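Input: a single structure, listed below in structure tokens.
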Amino acid sequence: MRRFASLSVLALAAALVAPAAFAQSTPAGAPAQDPVVATVNGSPIHLSDMQAAVQNLPPEAQQLPPDQLFQAVLNQLIDGKALLVAAHKEGLQNNPAVQQAMQDAANFRLEKAYVQEQEASAVTDTAVQAEYDRDYANKPGPQQVEARHILVQTQAQAESIIKQLNKGADFATLAKKYSIDPGAANGGELGWFSQDEMVPAFANAAFALQPGHYTETPVHTQFGWHVILCEGKRTAPTPKLADVADQIKQKLANAAGEKAIDDARALATVVVYDKNGKPVQPAAAPAAGN
């Protein structure tokens, strides 16, 4: 139900810390904190290369145990360097189509680096504090509901549970008996949540209830059919800066990224053509002085 963050890629990268044996086998001249973990035709692969590669792994690969992840990433990088050697032997780097694809990839990386640089410059401690002071400080938090729920697979099951509740059955007991939600063992307890932390249908039903009341008709979501009990309502306390810092940083980064794109277009001369090569949009003149 809740929107849980996925396992941190950076945390996994940090798990790729070379043991003492790696430090002892680091070739002369390589930084001790970034040892060489393999070479392919003399070209080194550093631990930092592996840490960077982890950031591009799909979520399911990120779940591997650290030792297994280390070996998998190392093999991937070795394979990549070996393929580069083979490609250069065949002269593929001189193929016009390959050259264009390589240039396209380089251009994409440069575009991304530019936007990331603009985002990084916008996300400062001062900017985060200012955003917090404006949007959060000395203001009440969002409205919240404390609730329990019972999740079942069919509408008929949910209706049967509501009939039992109408006859005086205990909600938590029924949750433990029937609910397929992981929180069933705790009597379906969800704790306090704000409206945007739940899917709309569930949130709307929960916030419409008064404390002590449950839904008289089943609530359907993509997870199944719910019976919801409201146990309380409150205005959440003002969040601390540490609690919302990541959210603020993402907001600042998104705004900076959008501004970077808008500014870049404003400085460029852009002409749009139709499928016959006829201009359909006049050229946008760069700003004065450029």
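Since the structure is predicted, the reported quantities are computational estimates derived from the model, not experimental observations.
Side-chain atoms of N186 never come within 3.5 Å of backbone atoms of G188 as a donor-acceptor pair (strictly under, hydrogens ignored). D34 places a side-chain N or O within 3.5 Å of a backbone atom of L47 that can act as its donor or acceptor partner. Between the side chain of K249 and the main chain of V244, no donor-acceptor pair closer than 3.5 Å is present. Remark: side-chain polar atoms of T235 are not paired, donor with acceptor, to backbone N or O of P140 under 3.5 angstrom. Between the side chain of N204 and the main chain of P200, a donor-acceptor pair closer than 3.5 Å is present. D170 places a side-chain N or O within donor-acceptor distance of the main-chain N or O of T173, the cut-off being under 3.5 Å. Proximity of a side-chain donor or acceptor of N276 to a complementary backbone N or O of K278 within less than 3.5 Å is not detected.
Rounded to the nearest 0.5 Å, atoms OG1 (T238) and OH (Y132) are 6.5 Å apart. If you take CD1 on I45 and CD on Q76, they are separated by 10.5 Å, rounding to the nearest 0.5 Å. Note that CE of M102 is 10.0 Å distant from CG of L92, once rounded to the nearest 0.5 Å. With rounding to the nearest 0.5 angstrom, the OG1 atom of T215 is 8.5 Å from the CG atom of L229. Rounding to the nearest 0.5 angstrom, the gap separating the OH atom in Y178 from the CD1 atom in I150 is 9.5 Å. One distance of note links CD of E231 with OH of Y214; it measures 14.0 Å at 0.5 Å rounding.
Between Q118 and A256, the shortest heavy-atom contact is O-CB, 3.8 Å. Residues A122 and L252 share a closest heavy-atom pair of O-CD1, 4.2 Å. Closest non-hydrogen pair, F171 versus R148, comes out as CE2-CB, 3.6 Å. Pairing each heavy atom of L69 with each of A61, the nearest pair is CD1-O, 3.8 Å. Closest heavy-atom contact between A169 and L174: CB-CD1, 3.8 Å. Nearest heavy-atom pair, L151 versus S179, reported as atom, atom and distance to 0.1 Å: N-OG, 3.1 Å.
The environment of Q99 atom CD is dense: over 12 non-hydrogen atoms of other residues, nucleotides or ligands sit within 6.0 angstrom. Within 6.0 Å of CD on E216 lie no more than 12 heavy atoms contributed by other residues, nucleotides or ligands. Annotation: D274, atom CG; neighbour count of heavy atoms from other residues, nucleotides and ligands within 6.0 Å is above 12.
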Problem set entry | Test log, rule side-chain hydrogen bond (donor to acceptor under 3.5 Å, both in side chains), inputs D67 and Q71 | CA-CA 6 Å; D67 289 345; Q71 193 59 52; over 6 Å; no
For this session: Take L64 and F70 through the test side chain to side chain contact (heavy atoms under 4.5 Å, CB included) and record every step on the way to the result.
Result: CA-CA 9 Å; L64 292 171; F70 184 97; over 6 Å; no
For this session: With side chain to side chain contact (heavy atoms under 4.5 Å, CB included) as the test, would you mind laying out the steps for L77 and D49 before giving the verdict?
Result: CA-CA 8 Å; L77 293 180; D49 297 324; 4.1 Å; yes
Problem set entry | side chain to side chain contact (heavy atoms under 4.5 Å, CB included) assessment of V73 paired with L57 | CA-CA 9 Å; V73 172; L57 291 177; 4.0 Å; yes
Exercise. Yes or no on side chain to side chain contact (heavy atoms under 4.5 Å, CB included) for F193 and E146, after CA distance, side-chain angles and deciding distance?
Worked result: CA-CA 7 Å; F193 56 88; E146 183 180 28; over 6 Å; no
Exercise. Taking it one step at a time, do N254 and E258 satisfy side-chain hydrogen bond (donor to acceptor under 3.5 Å, both in side chains)?
Worked result: CA-CA 6 Å; N254 290 343; E258 292 174 4; over 6 Å; no
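Ion pair K139/D133 not flagged as a salt bridge, since none of the NZ, NE, NH1 or NH2 atoms sits closer than 4.0 Å to an Asp/Glu carboxylate oxygen. Salt bridge status for K259 with D263: present, with a side-chain N to carboxylate O gap under 4.0 Å. Under 4.0 Å is where a charged nitrogen must lie from a carboxylate oxygen, and between K251 and E131 at least one such pair does.
Counting heavy atoms from C-beta on, the side chains of Q93 and V98 never come closer than 4.5 Å. F223 places none of its side-chain heavy atoms less than 4.5 Å from the side chain of D181. Residues P44 and H46 have side chains in contact (heavy-atom distance under 4.5 Å, counting atoms from C-beta outward). E189 has its side chain out of reach of H149: every pair of non-hydrogen atoms, C-beta onward, lies at least 4.5 Å apart. Between F202 and I228, some side-chain heavy-atom pair lies under the 4.5 Å cut-off.
Linking ILVMFWY residues whenever their side-chain heavy atoms come closer than 4.5 Å, directly or via other members, places L209 and V199 in the same cluster. Hydrophobic cluster membership differs between I162 and V219, with clusters built from Ile, Leu, Val, Met, Phe, Trp and Tyr side chains linked at under 4.5 angstrom. Both V123 and L241 are members of a single hydrophobic cluster when ILVMFWY side chains are connected at heavy-atom separations under 4.5 Å. V115 and L267 are members of different hydrophobic clusters when ILVMFWY side chains are connected at heavy-atom separations under 4.5 Å.
When only modelled atom types and interatomic distance are considered, S194 and D196 share a side-chain donor-acceptor pair under 3.5 Å. Q250 and D246 are not linked by any side-chain donor-acceptor pair at a separation below 3.5 angstrom, with hydrogens and angles left out of the test. Side-chain contact annotation: E159 with Q155, donor-acceptor N/O pair under 3.5 Å present. At a cut-off of 3.5 Å, with distance as the only test, no side-chain donor of N107 or E111 sits close to an acceptor on the other residue. One side chain, Y136 or Q247, offers a donor N or O that lies under 3.5 Å from an acceptor on the other. Side-chain atoms of S160 and Q157 form no donor-acceptor pair, as typed in the model, at a separation below 3.5 Å. When only modelled atom types and interatomic distance are considered, T221 and H226 share a side-chain donor-acceptor pair under 3.5 Å.
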